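All of these numbers come straight from a predicted model, not from anything done at the bench. Each chain gets a letter, A, B and so on, in the order its sequence line appears, and its residues count up from 1.
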Amino acid sequence: MTGDSLSQPDLPQVSLSLFSHGLDLDATLTSGQSFSWRRGMDGRWRGWIEGRPCLVWSQGDALRAVGPGLTSAAVTTYFGLELPIREIFSSFPNDPWLDKARTFAPGLRILRQEPWETLCNFICSSLKQIVQIKQINHELRQVFGDAIDESLHSFPDASRLALATEARLRDCRLGFRARHLFVASQQIASSEISLERIAGLSTSEAREELMRVQGVGEKVANCILLFAYGRPEVFPIDVWVERVLRRLYFHDNPRVKHEKLRDFAESHFGPYRGYAQQFLFHWIRHDSKALIPEKKAAASRPRKKSSAPKPAQKAG
DNA sequence: ACCCAGGACTGAT
DNA sequence: ATCAGTCATGGG
């Protein structure tokens, strides 16, 4: 079980120290975009960058990373350290809710992950909690991945999962998602759909192509575009984000349709609305005071600022 | 026991 | 084109 089937060539250990630009690892790695990082007792995170195992942690203003074959370019791209975060923030609208969300975790960033694993993670995300998606990711690695050591396994590629059976996938707690993941693996392994080609398409074309994959609808496609293909303008609306939009932005219109929420987000949150979405998502899931019951919310809703987000005047 | 979870697919209108 | 029903499973 050790040694002969290692997928990792024997690369030299690399230790990096990069300027973190305010990156908050804890917020970023617990914000429901990646599912393979685990925090050790020492607060350091063990996970994967470009298919290689590594250890990352914050040290003052530095982001430290250690792992075999690691490059500063890989770490920089993965954590989005090259992106103009000040410009992203200044592009946000004047919006008290978004301000609260951003203040709650200003170091939250959007990762640029591998498309295949991200595709699998979000196919498995349907009606699953984040802790369960992490469990499924771990299970898929243990059962189908290559062993780096006893408890560390790479994520299986599409051709590997395509050789499995739906029943064996189902054993990884996948439930009804087993068929989706199985068919998706075959679609990718057979090159019926090319994840590499999608990188060169426009966002709308890429979304259309991703939705040809079994188990990928609009929301999952948007998550893949945002968290793997670096498209900051997509705004995934899951049950939590929909809840925020309804309660905080459309309080006066309880029957507003999903389509209207999508159109509002497109026009309201600016060109980096994917980041706005992620701040809102992380805020409502981790701040117990973010979403309070409706009647109290109405009482404590900010009123002073006249430039508050328009709560969708009159559903047209 | 009950409700919910980073939804997608299907078949009936 | 919209719309309810259905799909497994585990956490709280």
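- Around atom CG of D263(A), more than 12 heavy atoms belonging to other residues, nucleotides or ligands sit under 6.0 Å away.
- No engagement by Q135(A) is indicated, since no non-hydrogen atom pair under 4.0 Å with the nucleic acid exists.
- Within the 4.0 angstrom heavy-atom criterion, base atoms lie near F227(A).
- Between F35(A) and F122(A), the distance separating the two ring centers is shorter than 6.0 angstrom.
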Protein heavy-atom contacts under 4.0 Å, written 5' to 3' over nucleotides 4-12 of chain C as B (base), S (sugar-phosphate only) or - (none), form the string ---BBBBS-

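- Atom P of dC4(B) sits at a distance of 16 Å from the matching atom of dG5(C), rounded to the whole Å.
- Q113(A) has its CD atom 16 Å from the P atom of dG6(B), to the nearest Å.
- Among the protein residues, Q278(A) comes within range of the nucleic acid bases, having at least one heavy atom under 4.0 Å from a base atom.
- In this entry the distance linking NE2 of H258(A) with C1' of dG6(B) reads 13 Å, nearest Å.
- Protein atom CD of E117(A) is 16 Å distant from nucleotide atom C1' of dG6(B), rounded to whole Å.
- As a whole-Å value, the separation of F122(A) CZ from dG7(B) P is 10 Å.
- Around the CZ atom of R160(A), the shell of radius 6.0 Å holds more than 12 heavy atoms that belong to other residues, nucleotides or ligands.
- The CG atom of L210(A) sits 12 Å away from the P atom of dA8(B) (whole-angstrom rounding).
- The NZ atom of K260(A) sits 18 Å away from the C1' atom of dT2(C) (whole-angstrom rounding).
- In this structure, R285(A) places its CZ atom where more than 12 heavy-atom neighbours from other residues, nucleotides or ligands lie under 6.0 Å away.
- With both ends at atom P, the span from dG11(C) to dA8(B) equals 23 Å, rounded to whole Å.
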With a cut-off of 3.5 Å and sequence neighbours excluded, list every side-chain donor-acceptor pair involving residues 109-117 of chain A.
| unit_1 | atom_1 | unit_2 | atom_2 | d |
| --- | --- | --- | --- | --- |
| R109(A) | NH1 | P106(A) | O | 2.8 |
| R109(A) | NH2 | H21(A) | O | 3.0 |
| Q113(A) | NE2 | Q33(A) | O | 2.8 |
| W116(A) | NE1 | P156(A) | O | 2.9 |
| E117(A) | OE1 | R141(A) | NH2 | 3.2 |
| E117(A) | OE2 | N137(A) | ND2 | 3.0 |
| E117(A) | OE2 | R141(A) | NH2 | 3.0 |

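- Non-hydrogen atoms lying under 4.0 Å from DNA chain B are contributed by P236(A), D238(A), V239(A), W240(A), V241(A), R243(A), all within residues 231-244 of chain A.
- Proximity of K257(A) to the phosphate of dA1(C): no side-chain N or O atom is located under 4.0 Å from OP1 or OP2.
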Between protein and nucleic acid, restricted to nucleotides 9-13 of chain B and to nitrogen or oxygen atoms under 3.5 Å apart, what atom pairs and distances do you find?
| unit_1 | atom_1 | unit_2 | atom_2 | d |
| --- | --- | --- | --- | --- |
| dC9(B) | OP1 | G215(A) | N | 2.9 |

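- F264(A) places a side-chain heavy atom less than 4.5 Å from the side chain of F269(A).
- S17(A) and Q59(A) form no side-chain donor-acceptor contact under 3.5 Å, judged by distance and modelled atom types alone.
- Across dG6(B) and dC3(C), the matching P atoms stand 26 Å from one another, rounded to whole Å.
- Salt-bridge formation is detected for the pair R170(A)/E166(A): a Lys NZ or Arg NE/NH1/NH2 atom is positioned less than 4.0 Å from an Asp or Glu carboxylate oxygen.
- Residue I136(A) contributes atom CD1, which lies 11 Å from atom C1' of dA5(B) at whole-angstrom precision.
- Applying the salt bridge (Lys or Arg N to Asp or Glu O under 4.0 Å) test to residues at least two apart or on different chains, the pairs with a partner in residues 13-27 of chain A are D26(A)-R39(A).
- Relative ring orientation between F279(A) and F92(A) is described as perpendicular, the plane-to-plane angle rising above 60° on a 0-90° scale split at 30° and 60°.
- Under the 4.5 Å side-chain heavy-atom criterion for Ile, Leu, Val, Met, Phe, Trp and Tyr, W45(A) and L108(A) are members of distinct hydrophobic clusters.
- For residues 273-283 of chain A, the set of pairs meeting the salt bridge (Lys or Arg N to Asp or Glu O under 4.0 Å) definition, not counting sequence neighbours, comprises E266(A)-R273(A).
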